[in-house]
Protein chains: 2
Amino acid sequence: MASIKDVAAQAGVSVATVSRVLNSHPSVSPDARRRVLAAVEALGYRPNAVARSLRTDQTRTLGLVISDVLNPYFTALARSVEEEARGLGYSVIIGNADERPEQQDHHVRTLLDRRIDGLLVSPADGESPLLLDVARTGTPMVFVDRWIPGVDIPVVRADGHRAIQDLVAHLYALGHRRLAIIAGPAATTTGNERVEAFREAMRAHGLALPDAYIGQGDFQADSGRRATERFLALPEPPQIVFAADNLMALGALDAIRARGLRVPEDIGIAAFDDIPWFVHTGPPITAIAQPTGDLGRAAVRALIDIVEGRPPQSVTLPARLVVRSSCGERTSTPGSNE
Amino acid sequence: MASIKDVAAQAGVSVATVSRVLNSHPSVSPDARRRVLAAVEALGYRPNAVARSLRTDQTRTLGLVISDVLNPYFTALARSVEEEARGLGYSVIIGNADERPEQQDHHVRTLLDRRIDGLLVSPADGESPLLLDVARTGTPMVFVDRWIPGVDIPVVRADGHRAIQDLVAHLYALGHRRLAIIAGPAATTTGNERVEAFREAMRAHGLALPDAYIGQGDFQADSGRRATERFLALPEPPQIVFAADNLMALGALDAIRARGLRVPEDIGIAAFDDIPWFVHTGPPITAIAQPTGDLGRAAVRALIDIVEGRPPQSVTLPARLVVRSSCGERTSTPGSNE
DNA sequence: AGTAGCCGTGGAATCGATTACACGCATGAT
DNA sequence: ATCATGCGTGTAATCGATTCCACGGCTACT
């Protein structure tokens with residue numbers, strides 16, 4: 001592969017001049033520029049990003065560590081992150097933590113070894129001294145979706161309070177009183193927050209949230225299945241199961257079907273996170289949609305603000321309720337999307 | 001951030017010795033090794049991968065360019081690729097082409113600029129002189145899922161012939177005779193191949209595949225919707241719509257619902273590519289499952305074989321039919337998964 | 001005419017690693 | 001005692017870029 005020396009030789013100039021042409025430095029004669037460009041073309045020369053990064057101490061690369069690539073919510077997020085970053089001249093390396101702290105740490109370490117310019121993290125459940133350390137050392141960093149409390153790092157996330165209030169009001173209006181929730185891991189901020197908002201919204205309607213109606217999940221389908229089985233085994237099972245993420249909702253659906261029950265006639269389902277497939281499930285699932293695209297874009301902009309020395313900003317965007325037919329809604333066109 | 005010089009100073013040795021310790025070179029005294037390790041620990045030193053790559057001319061990074069991250073088939077593939085690569089000590093940078101050749105080329109170029117050790121590509125529809133060029137220059141490269149005919153590059157893919165035969169036999173046994181297919185882009189190998197296998201399997205049962213029963217799709221949901229609308233408008237619509245990928249099947253489902261028709265009573269659906277959500281759709285969709293995990297692993301191994309100078313091997317793995325209930329099957333437990 | 005200043009250019013240092021080569025010292029064979 | 005061998009170590013070249021500094025030549029001003 002041709003290097004800058006080859007180009008210099010071919011163009012009959014020094015490497016310094018080649019570099020200047022490539023970085024559009026003003027003081028290069030038109031003639032030299034022409035010869036360099038011709039040589040670049042002739043040799044099919046492409047600058048070595050590795051060498052450039054070593055010298056300039058910047059890679060124009062962002063790291064994104066997410067908790068589960070197979071979760072459509074995170075793929076959508078990853079996609080918008082990459083898109084925005086590309087638009088701003090950055091590349092993105094994605095690390096999949098699979099909800100495992102050690103794997104998360106592995107990716108963080110690898111990304112740091114590669115000297116990425118900034119890190120976008122949606123921290124997995126569990127302690128991570130490493131992450132705290134990285135934050136302290138001043139590596140540009142932004143939390144997306146989930147965050148670690150007590151650390152001074154900008155957070156870009158969706159606020160579900162209002163949407164959860166809307167959901168509870170919607171369920172209440174449909175006549176449902178016994179509402180259960182499948183929570184996320186206690187250690188994740190999103191996990192706790194959603195339960196609290198749910199509890200509060202129920203209280204506003206004079207409803208209690210008994211412990212038996214709080215299932216412990218881990219954001220994976222299987223945990224949703226197990227929690228739901230436990231609900232169904234109760235002497236008085238809930239009328240609605242609200243899952244704190246999309247995968248657990250699918251698990252809940254499985255558990256209900258396995259029992260031979262029907263949704264929504266026997267029991268209703270709602271979910272946090274809306275995904276395209278919820279339109280096609282039987283029945284289409286009522287869900288709370290996060291503005292994934294905006295979230296990803298805002299996160300990238302906040303991170304690049306830090307990288308380029310501007311003051312960063314935490315961003316909170318509202319989520320919104322999308323009513324379908326999994327909670328006993330009477331709709332004329334079931335499964336209609338917006 | 002501490003560099004190898006700082007470690008050397010702290011340990012009272014030269015950088016060469018530090019490097020030897022870090023690369024477990026044999027001739028280092030136990031004493032020096034101990035001091036270096038202590039210094040590394042004390043400084044929290046991590047080798048700069050950028051500098052190392054510049055010197056050794058290898059990044060221990062693989063590039064993966066896929067056509068659509070939002071497609072669960074490709075996310076599953078990406079996940080297994082990353083997993084296998086990580087196990088072998090490589091990182092993976094994923095580029096999402098979004099089925100757009102120019103975006104694919106952008107990623108290929110960026111990855112090459114970063115001097116990745118090898119490239120895994122599932123080429124998007126359309127010409128890409130760049131890709132051909134890269135192949136010629138000897139960059140280690142392997143095609144996954146799709147490939148470009150006439151180029152001497154190993155291909156790792158699933159063979160759907162047998163599964164498609166099974167599918168057609170299954171449909172025939174259920175009494176269906178008018179079978180339609182929504183094809184992928186003509187320029188993709190997977191697109192053509194699936195249509196041809198389908199046509200052949202039908203012929204084996206004495207059935208014809210009229211042109212009106214071949215819809216042109218682009219592997220996106222919307223095209224599946226449009227193709228299906230056209231089928232439904234036919235004087236004699238098909239009894240089954242077979243989509244050449246999962247997204248188009250979802251589009252087909254939409255179109256059928258929008259017409260107020262029921263699946264499978266009025267018209268049946270089958271799909272190439274099985275995804276977890278097909279269990280939860282209404283009704284669960286009969287599909288052809290690819291061994292995604294094996295595909296990803298085999299692709300990584302083939303690529304690393306090239307990278308490390310071993311003779312690579314093309315791999316073809318069989319896909320298999322997963323019967324559910326979207327084609328009028330009478331099942332006792334609809335939606336059961338395996 | 002002499003000099004100050006600017007412009008285009010090249011030489012060389014630098015980033016942080018790896019590694020070929022040389023050197024000093026101890027050991028063992030002769 | 002002498003010399004070959006080998007081990008542990010350090011010096012310095014190298015990878016491919018960027019960029020500071022200096023230099024030569026030209027213009028323009030006094």
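Side chains are part of it too, since the values below use all heavy atoms of this structure and drop only hydrogens, waters and symmetry mates. In what follows, chains are A, B, ... by sequence order, proteins preceding strands, each numbered from 1.
Scored by the side-chain hydrogen bond (donor to acceptor under 3.5 Å, both in side chains) test, B/Glu102 finds B/Arg100 as partners (sequence neighbours excluded). Listed by chain and number, the residues in a salt bridge (Lys or Arg N to Asp or Glu O under 4.0 Å) with A/Asp117 amount to none (sequence neighbours excluded). Annotation: salt bridge (Lys or Arg N to Asp or Glu O under 4.0 Å) contacts of A/Asp125 (sequence neighbours excluded): none. Listed by chain and number, the residues in a side-chain hydrogen bond (donor to acceptor under 3.5 Å, both in side chains) with A/Tyr45 amount to none (sequence neighbours excluded). In terms of the salt bridge (Lys or Arg N to Asp or Glu O under 4.0 Å) criterion, residue partners of B/Asp133 (sequence neighbours excluded) are, by chain and number, B/Arg136. Annotation: side-chain hydrogen bond (donor to acceptor under 3.5 Å, both in side chains) contacts of A/Ser80 (sequence neighbours excluded): none. Considering only residues two or more places apart in sequence or on other chains, B/Asn48 meets the side-chain hydrogen bond (donor to acceptor under 3.5 Å, both in side chains) condition with none of them. Under the rule for a salt bridge (Lys or Arg N to Asp or Glu O under 4.0 Å), the partners of B/Arg301 that lie at least two apart in sequence or sit in another chain are B/Glu84.
The side chain of A/Ser53 places no N or O atom within less than 4.0 Å of a non-bridging phosphate oxygen (OP1 or OP2) of C/dC15. The side chain of A/Lys5 places an N or O atom within less than 4.0 Å of a non-bridging phosphate oxygen (OP1 or OP2) of D/dC15.
Computed from coordinates, the B/Arg34 CZ to D/dT9 P distance equals 11 Å when rounded to whole Å. Per the geometry, CG belonging to B/Asp6 stands 8 Å off P belonging to C/dG16, to the nearest Å. Regarding A/Arg115, its CZ atom lies at a distance of 11 Å from the C1' atom of C/dC15, rounded to whole Å. For the pair A/Arg60 CZ and D/dA17 C1', the computed distance is 16 Å after rounding to whole Å. Following rounding to the nearest Å, B/Asn48 (CG) and C/dC15 (P) show an atom-to-atom distance of 12 Å. Summarising the geometry, the separation between NE2 on A/His25 and P on C/dT9 is reported as 11 Å, rounded to the nearest angstrom. To the nearest angstrom, C1' of C/dA17 lies 14 Å from CG of B/Asp57.
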Kindly indicate, with the supporting measurements, whether the criterion side chain to side chain donor-acceptor pair (under 3.5 Å) is fulfilled by B/Asp68 and B/Gln220.
CA-CA 9 Å; B/Asp68 181 8; B/Gln220 297 294 306; 3.1 Å; yes
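Counting non-hydrogen atoms of neighbouring residues, nucleotides and ligands closer than 6.0 angstrom, the CD atom of B/Glu308 exceeds 12 such neighbours.
Of the listed nucleotides (D/dG10, C/dA17, C/dG16), D/dG10 has the atom at the smallest distance from the side chain of B/Val13.
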Nucleotides 24-28 of chain D: which of its N/O atoms have a protein N/O under 3.5 Å away?
none

With 3.5 Å as the limit, what N/O pairs link the protein to nucleotides 18-23 of chain C?
from, atom 1, to, atom 2, distance (Å)
C/dT18, OP1, B/Asn23, OD1, 3.4
C/dT18, OP1, B/Asn23, ND2, 3.2
C/dT18, OP1, B/Arg52, NH1, 3.2
C/dT18, OP2, B/Ser19, OG, 2.5
C/dT18, OP2, B/Asn23, ND2, 3.3
C/dT18, O2, B/Arg55, NH1, 2.3

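At a threshold of 4.0 angstrom between heavy atoms, the contacts of B/Ser3 are confined to the sugar-phosphate backbone, with no base atom among them. As judged by a 4.0 angstrom heavy-atom cut-off over every strand, A/Ala32 is placed among residues touching the sugar-phosphate backbone only.
Between its two ends, the helix from C/dA1-D/dT30 to C/dT30-D/dA1 turns its axis by 60°, counting five pairs per end and rounding to 10 degrees.
In this structure, A/Leu112 and A/Val108 have side chains that are in contact, with non-hydrogen atoms separated by less than 4.5 Å.
Nearest-nucleotide mapping onto DNA chain D: of B/Arg33 and A/Arg46, the residue sitting toward the 5' end is B/Arg33.
For residues 2-11 of chain A, there are no side chain to side chain donor-acceptor pair (under 3.5 Å) pairs, not counting sequence neighbours.
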